[in-house]
Participant: 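Just passing along the structure, written as structure tokens.
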Amino acid sequence: MAIIIDGKTVSASVKNSVAEECRTLFEKTGKKPGLAVIIVGDDPASRVYVNNKKKACELVGFVSREYALPASTSQEELSALVKELNSDREINGILCQLPLPKHLDEKAVIELIAPEKDVDAFHASNVGKIMIGDFDFLPCTPAGVMEMLDYYNIEIAGKECVVVGRSNIVGKPMSMLLLHRNGTVTICHSKTKNLKEVCRRADILVAAVGIPKFVSGDMIKEGAVVIDVGINRTADGKLCGDVDFAEAEKVASYITPVPGGVGPMTIAVLMKNTLTAFKLQNLL
Ligand code: NAD
């Protein structure tokens with residue numbers, strides 16, 4: 001049976017060290033890191049994520065500001081808010097909760113956020129920095145996966161790493177981070193041929209597909225480390241990942257559950273990134 005990689009424990013450890021550093025810096029400077037979260041419309045899943053971010057800010061001792069805008073907000077109004085926050089000295093990190101309502105241009109909003117306040121690391125300038133391995137912030141979910149691998153002392157160098165999914169938010173940056181740590185990385189996607197065979201080569205298999213139980217037990221090599229990024233809802237409303245957990249835990253050496261795996265890590269890394277932004281902006 002696989003060892004369960006406990007995202008709650010790892011995320012608590014990351015948040016504790018952020019809180020500790022935040023306290024020390026407050027004693028030194030009298031300032032606290034500030035995170036602004038913009039939410040447009042009333043998507044229930046987005047509302048849950050934004051509330052969790054607010055709670056995490058309170059826990060680590062950050063100033064948190066929420067801007068809840070109506071679904072009818074225009075591009076100009078949203079842009080004006082982002083520009084205002086870009087020059088707000090109390091705010092070190094700006095996050096615009098995605099997805100935005102259909103009439104709004106997400107890419108334009110992301111590109112308008114000042115790169116030094118882009119704590120999601122979605123701005124083209126930060127994405128480019130990740131490519132060349134010279135970054136300030138790492139995208140929250142893939143960086144959360146790396147924190148988990150490190151916490152459990154899972155070796156990456158020289159390992160066959162297979163990432164299923166090539167989104168800009170998860171799959172692509174995940175692949176890059178594994179590559180920076182000297183993994184031998186294969187990226188799979190909806191057009192990949194012989195997916196099962198490719199996945200079975202993996203020592204570390206990361207699933208970021210968005211299809212419930214997409215990765216079955218026979219796609220996993222005996223002893224592989226299985227990281228399930230997927231957050232899906234079953235017909236009866238329960239959360240489930242991209243991996244068939246019951247099958248996979250019999251074959252894997254380590255596995256992340258859903259919920260309680262990668263999910264809590266994303267917010268922990270967001271806190272870490274906001275602290276980094278605060279330090280960079282205050283030359284600390
Ligand atoms: P996405 O829809 O943008 O990308 C999905 C990827 O899966 C695509 O690159 C596509 O090529 C690939 N894919 C689709 N069908 C496939 C198939 N049959 N075979 C192989 N590859 C296939 O999704 P995303 O934003 O990357 O998110 C993926 C999952 O991760 C979702 O369930 C999402 O909810 C979850 N997620 C979780 C967190 C977290 O905090 N844990 C953060 C972001 C996303």
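Indexing begins at 1, ligand by ligand and atom by atom, following the structure's order. All values below come from the heavy atoms of this structure, side chains included, with hydrogens, waters and symmetry mates left out.
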Participant: Taking 4.0 angstrom as the limit and counting only heavy atoms of G230, give me the atoms of ligand 1 inside it, by number and element.
Facilitator: 29 (C), 30 (O), 32 (O), 35 (C)
Participant: Identify whether the distance between the nearest side-chain nitrogen and carboxylate oxygen of E160 and K221 falls below 4.0 Å.
Facilitator: no
Participant: For atom 11 (O) of ligand 1, what is the closest protein heavy atom, and at what distance to 0.1 Å?
Facilitator: S190 N, 3.1 Å
Participant: Going by the order shown, which atoms of ligand 1 are within less than 4.0 Å of some heavy atom of N232?
Facilitator: 32 (O)
Participant: Is G263 close enough to touch ligand 1? Criterion: a residue heavy atom under 4.0 Å from a ligand atom.
Facilitator: yes
Participant: Between N232 and D242, is any side-chain donor less than 3.5 angstrom from a side-chain acceptor?
Facilitator: yes
Participant: Charged N to carboxylate O below 4.0 Å: is that the case for D150 and R181?
Facilitator: yes
Participant: Taking atom 36 (N) of ligand 1 as the point of reference, which of T141, V229, V198 owns the nearest heavy atom?
Facilitator: V229
Participant: Would you please classify the geometry between the Y254 ring and the Y152 ring as parallel, tilted or perpendicular, with 30° and 60° separating the classes?
Facilitator: perpendicular
Participant: Which ligand 1 atoms, with their elements, are less than 4.0 angstrom from a heavy-atom of H189?
Facilitator: 11 (O), 19 (N), 20 (C), 21 (N), 22 (C)
Participant: What protein heavy atom sits nearest atom 26 (O) of ligand 1, and how far away is it?
Facilitator: S167 OG, 2.5 Å
Participant: Nearest heavy atom to atom 2 (O) of ligand 1: which of I169, V209, L98, I187 does it belong to?
Facilitator: V209
Participant: Which of the numbered atoms in ligand 1 are below 4.0 angstrom from a heavy atom of T266?
Facilitator: 39 (C), 40 (O)
Participant: Step by step, would you call K28 with E21 a salt bridge (Lys or Arg N to Asp or Glu O under 4.0 Å)?
Facilitator: CA-CA 11 Å; K28 201 167 135 185; E21 199 175 345; over 6 Å; no
Participant: Would I231 count as being in polar contact with ligand 1, using the rule that some N or O on each side must be under 3.5 angstrom apart?
Facilitator: yes
Participant: Out of curiosity, is G171 lining ligand 1, as in a heavy atom under 4.0 Å away?
Facilitator: no
Participant: Should you measure from each heavy atom of V170, which atoms of ligand 1 turn up under 4.0 Å away?
Facilitator: 26 (O), 43 (C), 44 (C)
